[in-house]
Amino acid sequence: MNAHTHTMHESDHHEHHHQHDEHDAQHAHYMTAAPAEKHHNHSGGMHEGHATLMRNRFWISLVLTIPVLLYSEMLQMWLNFRPPVLPFQEAIPAVFSTIIFIAGGLVFLNMARGELAERQPGMMTLISIAITTSYVYSLAVFLFAPGEEGFFWELATLIDVMLLGHWIEMRSVGQAQGALRELAKLLPDQAERLLSSGETEIVAVSDLNVGDRLLVRPGASVPADGQVVDGESSVNESMITGESKPVHKHPGAAVIGGTVNQSGSLRIEVQKVGGDTALAGIMRLVAEAQGSKSRAQTLAQRAAFWLTLIALGAGLLTLIGWTLLARDFPLAIRYTVTVLVIACPHALGLAVPLVVSISTTLSARNGLLVRQRMALESAKDLNIVVFDKTGTLTKGEQGVVAIAADGIGADEALAIAAGIEGDSEHLIAGAVRAKAAAQGVKPASVTGFESLAGRGVKANVNGTTYYVGGPRLLESQGWNVPASLAAALKESEDAGQTVVYLANESGILALFAIADVIREESREAVRQLHDLGVKVAMLTGDSKAVAAAVARELGIDTYFAEVLPEHKAEKIRQLQQGGAKVAMVGDGVNDAPALVTADVGIAIGAGTDVAIESAGIILVRSNPLDIVKIVRLSRATYRKMVQNLIWATGYNIIAIPLAMGILAPVGITLAPAVGAALMSVSTIVVALNAQLLRGTRLV
């Protein structure tokens with residue numbers, strides 16, 4: 001919490017203490033180290049709850065401004081009207097303006113005190129100087145120069161406009177950062193715990209312990225991270241992983257707290273609670289990312305600091321200049337106040353933090369967890385993305401990638417092989433069965449199953465004996481691969497794939513090429529990265545043949561094969577030579593040195609592991625397309641930052657000279673309230689422009 005926030009908490013603690021409802025409080029307690037409360041960390045850093053306070057102050061000040069306007073002589077003259085005559089009516093503007101200054105203006109003075117304590121004078125300092133100067137001068141005129149008119153109506157309307165601008169601004173920030181509260185609300189308040197008797201009891205989620213068994217009914221949210229022990233169902237995990245397709249769950253499958261059970265009942269065993277859950281980890285990372293600084297944010301703060309100094313200098317010059325030239329001190333005060341107000345770097349202070357907040361929550365909704373803002377910011381400049389092959393571009397599991405048959409249909413060969421391998425626990429057997437299931441092929445019914453030690457298996461299908469095995473099976477039986485399958489065999493061997501044969505007494509009927517299955521999304525990810533002007537490289541410990549085959553199939557530009565984990569960082573440095581910006585995508589364990597060496601380290605979170613310290617960005621899913629999302633989000637975020645910074649600083653080039661009264665000789669001047677309105681408009685424009693980031697198409 002910065003000094004500004006602390007100051008404001010001291011002054012307004014009792015006003016907002018009870019605004020958090022019981023639901024948020026419970027989840028804030030449950031999500032240890034992942035609070036549901038957010039902070040808006042620009043120059044006048046404020047708690048999100050102060051949007052309500054600003055709204056209340058605005059309406060109170062606005063109502064109190066009415067009598068100030070009605071009994072201001074200048075406005076009566078301009079509008080040619082006379083209000084009802086009241087006792088002591090000449091004191092009405094002074095009295096009501098004093099109340100407005102206390103009720104609506106002191107909040108700015110409190111925040112200015114925080115800025116000055118940090119030696120970072122900013123927008124609150126300028127606002128405070130402007131309203132204090134107006135008030136003190138006007139009060140002095142009222143008390144010691146009867147007949148002269150001060151700036152009470154300008155002061156009141158100025159405070160009104162400033163409160164309105166802050167209210168709108170904080171509402172925008174609150175909406176942008178609302179993802180944390182929405183994440184907290186994903187968890188149910190209660191869970192249905194199974195008792196040893198088989199009955200259930202309703203308990204608070206915060207009372208759950210590791211090892212508890214829970215019943216999750218259809219339509220209910222999963223209360224905590226755990227593992228399915230009984231039942232099957234589909235679970236909607238989109239709110240955590242960004243994956244829209246429901247995920248099938250069966251005994252042994254992991255479930256994530258906050259996801260929604262759909263069709264069937266599940267009995268789960270709790271494995272993580274409180275701050276250890278995936279949801280708590282995600283909330284923690286989102287909060288850290290929203291609080292972490294970026295280069296653009298640092299630039300914006302530096303620009304705001306210098307703009308404040310320029311505004312103070314311009315205000316002093318205006319005061320001296322108009323006092324000497326026009327010999328009209330009230331006029332000089334009016335121009336000075338306008339300069340101080342219109343030059344407030346409010347929009348500049350909001351320009352980057354709001355974009356940061358929106359991009360961070362947008363990334364979290366898409367399964368991208370940003371630990372370091374610098375990592376996301378640097379992704380816009382990437383020239384090369386390096387993928388670790390196994391588990392990233394591929395599924396990290398063996399599967400049938402090709403089938404070639406001779407004298408028999410491919411589906412028939414698959415059905416026979418799947419039937420023969422029906423009871424085997426071997427990885428290759430599992431790959432054959434999975435291929436049959438994926439293609440909707442029903443395994444053949446077999447009898448007389450027999451294992452052939454070290455060679456394969458055999459069984460009878462409809463009275464015919466079939467064999468499934470590798471090269472040693474062919475050697476033992478004296479079979480040769482027929483010419484019709486020779487080309488397929490050579491292609492598989494060149495790719496470094498394992499080949500399994502189906503044969504009967506007559507000889508070889510089919511072959512199955514088995515390899516680490518390439519993800520369906522990998523081809524599209526490589527293509528889209530190329531479209532973005534980013535090259536793709538691959539690191540793997542596999543043989544050159546395997547690496548070449550995968551690189552050829554996916555269209556990868558560069559690959560490094562037979563690389564030991566400890567040598568991966570060296571390959572990253574090799575790619576960085578010449579100034580290339582390199583991202584490394586790996587699993588965060590044996591890839592840790594490479595992740596740290598890369599300009600952007602991206603770790604695979606594998607659904608629940610969100611605490612990988614070696615990476616700046618973590619992918620909830622093992623989906624290569626998410627890398628495309630990172631690059632696009634980074635570029636879109638940078639564009640919004642630049643647009644906002646240009647608007648927030650550029651408008652002052654015109655506004656400050658105009659506020660100083662340079663065009664006064666030709667009749668063009670600005671009142672303080674108009675200056676405040678223009679400043680607020682610039683803030684709102686920046687806020688609305690940042691909101692457009694939400695519509696960014698990431699894939």
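Taking both residues in full, the closest heavy atoms of A431 and I514 are given as CB-CG2, 4.4 Å, listed atom of the first, atom of the second, then distance. Residues V260 and S221 approach most closely at CG2-OG, 4.0 Å, considering heavy atoms. In this structure, S522 and L393 approach most closely via the heavy-atom pair OG-O, 2.7 Å. Taking every heavy atom of both residues into account, S233 and Q262 meet most closely at OG-N, 3.8 Å. Across all non-hydrogen atoms, the minimal contact from I268 to A224 is CD1-O, 4.0 Å. Shown here for N261 and S234, the closest heavy-atom pair between the two residues is OD1-O, 3.6 Å.
Annotation: side chain of V534 is not in contact with side chain of N383 (no heavy-atom distance under 4.5 Å). The side-chain heavy atoms of T540 and F560, taken from C-beta on, include no pair separated by under 4.5 Å. Annotation: side chain of V229 is not in contact with side chain of P251 (no heavy-atom distance under 4.5 Å). Within the 4.5 Å cutoff, no side-chain heavy atoms of I384 are placed close to those of T558. With a 4.5 Å cut-off on side-chain heavy atoms, L529 and V631 count as touching. N644 has its side chain within reach of V355: a pair of non-hydrogen atoms, C-beta onward, lies under 4.5 Å apart. Proximity of M538 to V550: side-chain heavy atoms (C-beta onward) are separated by under 4.5 Å at one or more points. Between L625 and Q528, the closest side-chain pair of non-hydrogen atoms falls below 4.5 Å.
Summarising the geometry, atom CD1 belonging to I627 is positioned 4.5 Å from atom CG belonging to L619; distances are rounded to the nearest 0.5 Å. Here the CD1-OG1 distance, from I518 to T394, works out to 7.5 Å after rounding to the nearest 0.5 Å. How far CD1 of I630 is from NZ of K380: 14.5 Å, rounded to the nearest 0.5 Å. The CD atom of E269 lies 12.5 Å from the CG atom of D230; values are rounded to the nearest 0.5 Å. The NZ atom of K629 lies 15.5 Å from the OG atom of S634; values are rounded to the nearest 0.5 Å. Distance check, rounded to the nearest 0.5 Å: NZ of K581 to CG of D381 gives 7.0 Å.
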Evaluate the criterion side chain to side chain contact (heavy atoms under 4.5 Å, CB included) for residue pair V255 and Q227; output intermediate values, then yes/no. CA-CA 6 Å; V255 290; Q227 187 177 52; over 6 Å; no
Apply the test side chain to side chain contact (heavy atoms under 4.5 Å, CB included) to residues L633 and L376: give CA-CA distance (whole Å), side-chain angles for both, the deciding distance (0.1 Å), then the verdict. CA-CA 8 Å; L633 179 60; L376 181 60; 4.3 Å; yes
Side chain to side chain contact (heavy atoms under 4.5 Å, CB included) between F387 and L539, intermediate numbers included: CA-CA 6 Å; F387 288 94; L539 278 174; over 6 Å; no
Decide side chain to side chain contact (heavy atoms under 4.5 Å, CB included) for L693 and R639; before the verdict, give the C-alpha distance in whole Å, the side-chain angles of both, and the deciding distance to 0.1 Å. CA-CA 9 Å; L693 185 62; R639 282 196 300 271; over 6 Å; no
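Q691 and R694 share a donor-acceptor pair across their side chains, judged by distance under 3.5 Å alone. No side-chain donor from either of D599 and S378 sits under 3.5 Å from a side-chain acceptor of the other. Between the side chains of N689 and K640, at least one donor-acceptor pair of N or O atoms lies under 3.5 Å. Residues E570 and Q574 bring no donor and acceptor atom of their side chains to less than 3.5 Å of each other.
Using a distance-only test at 3.5 Å, with no hydrogens or angles considered, no donor-acceptor pair links the side chain of N366 to the main chain of S363. Counting only distance, with no hydrogens or angles, the side chain of R267 and the backbone of R213 share no donor-acceptor pair below 3.5 Å. Panel note: side chain R635, backbone L532; a donor-acceptor pair is recorded below 3.5 Å. Under the 3.5 Å distance criterion, the side-chain polar atoms of E553 are left unmatched by any main-chain donor or acceptor of R523.
Under 4.0 Å is where a charged nitrogen must lie from a carboxylate oxygen, and between D557 and K535 no such pair does. A salt bridge links D388 with K568; the closest basic N to acidic carboxylate O contact falls under 4.0 Å.
Contacts of D516 classified as salt bridge (charged side-chain N to carboxylate O under 4.0 Å, His left out), with partners at least two apart in sequence or in another chain: K389.
Shown are H248, H250, K249; of these, the side-chain hydrogen bond (donor to acceptor under 3.5 Å, both in side chains) with E232 is made only by H248.
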